[in-house]
Amino acid sequence: MSESGAENTEALAFRGVRKSFGGRGGTLRVLDGVDFAVDRGEFVSVVGPSGCGKSTLLGMAAGFESPDEGRVLAGGAGVTGPDPARGVVFQQYAIFPWLTVADNIAFGLRLKACRVPRAEHAGIVDRYLELMGLTGFARAYPRELSGGMRQRVAIARAYAPGPELLLMDEPFAALDAQTREFLQESLHSTQLAERRTVLLITHSVEEAIFLSNRVVVMSARPSRVRDVVDVDIDMPRTPETRLTPEFIELRRRLEGVLRSQSSTVRKGTPA
Ligand SMILES: Nc1ncnc2c1ncn2[C@@H]1O[C@H](COP(=O)(O)OP(=O)(O)OP(=O)(O)O)[C@@H](O)[C@H]1O
């Protein structure tokens, strides 16, 4: 139920969000009135020029940062701090080196705040091992895995406790192109099986289109939403989807918008 008391299909909403950071060089105005929402079960990606505030937005949704003005709402309620109902996946493999793959995936399930009955944990872990192509590695430790596999563990760990919202900040940025595409496909099939609400930050327009229902394009800093594009491309998407005329055309269009924004990036803007 939302703060207004109305039933709400929005899992996450940014309403007039403004944020500046102070530094030695003065105040840097980063977000200048950001408005968009992500519906339940929707996969939305945010792309934008470097430094436009994408990670800041995600940090606000996670509850690590707060807006100077405006509101960030999760399930209709104001975000006031981190919450296990919102899982986060970062670029760096945020998995515990001292735990096995299975124990890493089970980590969130074992937290007090997670209400999944203990008897279901092993089944859930097995399902994610399979969905993320990790069957056979349950007892392995992170040091024994490739970077791509570690990131698959991080994604499985985020999905496993069934959070209402998944927040992913460049989860594949550190990986080579081939591994990256493979992980996008694993994430896509996991998402089709699970239908969670996901907000993904990425530099890659191709990644955004491949995974998303909608893509939010941010303007240069101080930034706002420049465009919101529906990705009307059938699911499930496969490696061949990337080669279809509609995919290539949308990619060209979005890259054009992004290029026009990147060329207007300013070094710093007084508040
Ligand atoms: N805690 C902070 N203190 C001071 N400045 C910050 C802080 N967090 C972010 N910034 C600045 O705000 C701007 C936006 O940062 P942010 O990381 O959100 O952008 P981004 O769009 O995710 O960037 P990139 O695409 O390069 O990853 C940057 O100029 C950054 O240096």
Side-chain angles (χ1 to χ4, degrees), residues 12-36 38 43-72 74 79-82 86-94 147 151 154 158 165-177 180 183-184 198-212 214-229 251 254-271:
L12 177 68
F14 297 92
R15 298 278 175 242
V17 168
R18 290 192 158 75
K19 181 79 177 174
S20 297
F21 290 109
R24 269 186 298 168
T27 303
L28 186 68
R29 194 145 50 96
V30 176
L31 301 173
D32 193 27
V34 171
D35 281 285
F36 71 90
V38 184
F43 194 118
V44 171
S45 294
V46 177
V47 297
S50 188
C52 74
K54 301 180 293 294
S55 295
T56 303
L57 276 177
L58 187 124
M60 287 178 181
F64 304 146
E65 304 259 11
S66 49
D68 298 335
E69 281 178 53
R71 314 234 31 215
V72 181
V79 172
T80 53
R86 298 188 294 277
V88 186
V89 182
F90 293 109
Q91 177 177 337
Q92 292 307 328
Y93 323 115
Q151 204 57 332
L165 192 57
L166 277 154
L167 304 165
M168 303 189 185
D169 194 352
E170 289 278 0
F172 308 138
L175 306 172
D176 64 85
R180 190 173 176 141
L183 259 75
Q184 288 164 5
V198 185
L199 182 71
L200 172 85
I201 304 296
T202 179
H203 276 104
S204 163
V205 165
E206 175 171 352
E207 180 167 291
I209 298 171
F210 185 80
L211 290 166
S212 307
R214 283 191 300 147
V215 179
V216 175
V217 186
M218 304 289 293
S219 71
R221 201 177 58 224
S223 57
R224 292 169 167 238
V225 172
R226 164 72 174 71
D227 214 345
V228 180
V229 177
R251 181 177 170 177
L254 284 177
E255 282 175 348
V257 177
L258 205 50
R259 245 194 318 275
S260 72
Q261 292 307 309
S262 300
S263 61
T264 64
V265 170
R266 280 158 279 166
K267 284 233 148 48
T269 317

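Counting begins at 1 with the first residue of the sequence. Basis for what follows: all heavy atoms, side chains included, without hydrogens, waters or symmetry-related copies. Counting starts at 1 for both ligands and their atoms, in listed order.
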Keeping the roles fixed (side chain from Ser66, backbone from Thr80), state whether a donor-acceptor pair exists under 3.5 Å.
-> no
Could you pull out every protein residue that has a heavy atom closer than 4.0 Å to ligand 1, ordered by chain and then number?
-> Phe21, Leu28, Val30, Pro49, Ser50, Gly51, Cys52, Gly53, Lys54, Ser55, Thr56, His203, Arg221
Gln91 side chain vs Met168 backbone, donor-acceptor pair below 3.5 Å = no
Reported CG-to-CD distance for the pair Leu175 and Glu170, which is rounded to 0.5 angstrom = 10.5 Å
Result for side-chain contact (heavy atoms from CB on, under 4.5 Å) between Leu31 and one of Lys54, Arg221, Met218 points to Met218
Check: Glu207 and Ser45 side chains under 4.5 Å, non-hydrogen atoms = no
Partners of Ser204 by side-chain hydrogen bond (donor to acceptor under 3.5 Å, both in side chains), sequence neighbours excluded?
-> none
